[in-house]
Amino acid sequence: MASKVTEGALTLLKTLPRVALNNIKDLPTTLYKKKTDRAAGRKKKGRGDKGQGARGTWDPIGYEGGQAPLILTTPVEKHYGKYAVRRQYPPISLLEVQRLIDLQRVDIKRPIDITSICNTNLYHLDVSKNHFGFNLTEEGCDVFNAKVNLEVQWVTELVIAAVERNGGTITTRYYDPQCVAALNNPKAFFEKGLPIPKCKLPPQDALEFYSNPNNRGYLADPEKVLEAREKLAQKYGYKLPDLSSDPVKSLLLMRKDPLQIFYGLEPGWIVNMADKCILKPKDEDYLRYYANVY
Amino acid sequence: MAVSKYMKLVARQGLYCKIKLREFSSSSCRLQEVTTPVSSSSEQNAAPVETKEGPQILSRSLKFPVDHTHPRLAWLDSMSSIESKKLGLLDLHPDIFATYPRVDLLHKNVHWQKMYRYINYNFEPSRAEMPGGGRKPWPQKGLGKARAGSIRSPLFIQGAKAFGPRGPINYFFMLPRSQRATGLRVALTCKYTQNDLVIVDNFDIPTADPDFLSEMADVRFWGHSILFVDDSDVMPEKISEAVHQIRGFNLMPAYGLNVFSMLKHETLVLTLAALERIEGKLLEELHTTAVETKYVNKLRPEDFRTRPKVDSTMYKSFTKPLEF
């Protein structure tokens, strides 16, 4: 088809009066031409009489007549240095998560991750603002009493303690921006017809955080994570519930593969929303690409 | 009673029925498209196919075919009778008859057509050229009046005009070639889209009586002003005679087709040969690789200092056609 714009314009033209000499007009930009030569031939060119104004010898901006100017006397505080390239983690507090659970906005019978939080339509992540996930903050750590499997992107020690005291588990997980966009609105992503991406590994400066068992990083050694759980329970003085005899043990220990971003879906698959089916690649090169880290 | 009278009035002006006709023609176009098999013709561009009703043209091969859109369809009509007689369907090139309607380019073309031949002959003499004014009208001092040196000063009543028009001045310029070609394409698109384009096989009409032609225009809702365009500038005798006697009807060869005339007339009637010529020329222009050179105006004021003689050839009456 021709461009939709042309088709639309021609459809509109059918209903309009006949194009004739009396109803055609130029573009407004050419009708109002800026006058540029108004000062031509005038002696002072609109700059007034003698002095700095006429000669254009103003003081530089910030000059205060000789005294030390503000820009030099005030020390610089670079709170927002490299703001544009920093990873941003929008906060969500334990109190807010507890409220979502109480109002049944999220289902605690399933693991809670970015998708389940964003599906509430109360929180959103914006890749264009360098959002890399949620920062679970400490507010409401005393009232938090849900037994959940949480997956967030940034936590502190106290938050981990508040979750684990109730018998739940928590993981910190890195997602690259493309995956964050997919997790933020899976339906919009699937409708694009793109294969599910494989998640990248964290960048150099985040690798330490996500492989640290104290942060419950997803790249940490699972045995060391168990050790860290015990240590934290001793530090804060609560009794750690026994995971091995838990009735919902399978839910609490459910984890994604480091390359996987959706539970039950593997990277490389295509979710076809129109035909309600999943397309899986068979080509060996594709399979090798989506199964490995390069 | 009153209603039917009103409807008649409206129908004569071609408003109400025009809309009805538009709906009818578009739907029947689609029907035709589905029901009739399209025959391909390689030898001729528009190949007449003999059927029970008479010759029917069902396809037309287009130069420079495009993928981005479909060819537009138009009826091939006949002027042999007052009533419309459909001879077939024609494919029109979408780049010519379905471009984006750049109304601003139409305006630019019309402005250019008005201005390139316009010469401003207005002239105001300067104070030096006016008679008198050499003597100081009153003494410099002692009268309590403003100082004055000449009665032809611009401040004086009956004085000269400062910076007055110093004609003749020409406003000649050339619109860029591409804009002129696009203007023609847009004008043709507007005519086709608004159902003001008629394509006929030729201009052969049975009589030279102007009533026949005006009744035909009335019955077919062509409006009050019609532009007939043929490929050649030697037109059939009967239509020339008929058109000459009707105010608002004009004949034009294809090489004279322009935006101003197309917009001035309500309906544009093309012959098949004119369609071929115009479409071919515009497509050639669209696909040319030649670099556009800037037009340099070499006219000097001497070239238009005097008013040109009006060519009165057209106002004379002739007993026989002119020979060139």
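Letters go in sequence order (proteins before strands), and every chain restarts at 1.
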In short, B:T193 meets A:K14 closest at the heavy-atom pair O-CG, 3.5 Å
Under a 4.5 Å heavy-atom cut-off, does chain A meet the side chain of B:V103, its backbone, both or neither?
both
Is the closest side-chain heavy-atom distance between A:L13 and B:Q194 below 4.5 Å?
yes
If you count heavy atoms of other groups shown closer than 6.0 angstrom to OH of A:Y83, is the number above 12?
no
A quick test of your reading: do over 12 heavy atoms of other residues, nucleotides or ligands sit less than 6.0 Å from CG of A:L287?
yes
Above 12 or not: heavy atoms from other molecules or residues under 6.0 Å from CZ of B:F64?
yes
So does B:R180 have more than 12 non-hydrogen atoms from other groups sitting under 6.0 Å from CZ?
yes
Name the one of A:N23, A:L21, A:V19 that satisfies side-chain contact (heavy atoms from CB on, under 4.5 Å) with B:L106?
A:V19
Is it the case that over 12 heavy atoms from other parts of the model lie below 6.0 angstrom from the CD atom of B:E292?
yes
Considering only NZ, NE, NH1 and NH2 on the basic side and carboxylate oxygens on the acidic side, decide whether A:R18 and B:D196 come within less than 4.0 Å.
yes
Could you measure the distance from the OG1 atom of A:T6 to the NE2 atom of B:H68? Nearest 0.5 Å is fine.
8.0 Å
Audit row: A:D26, B:H111, side-chain contact (heavy atoms from CB on, under 4.5 Å) steps and yes/no:
CA-CA 10 Å; A:D26 211 340; B:H111 177 72; over 6 Å; no
Can you tell me how far CD1 of A:I24 sits from CG of B:D104, rounded to the nearest 0.5 angstrom?
10.0 Å
Is the number of heavy atoms from other residues, nucleotides or ligands within 6.0 Å of CD (A:Q52) greater than 12?
yes
Does atom NZ of B:K281 have more than 12 heavy-atom neighbours from other groups under 6.0 Å away?
no
Given that the side chain runs from C-beta out, which part of B:Y192 has a heavy atom under 4.5 Å from chain A: side chain, backbone, both or neither?
neither
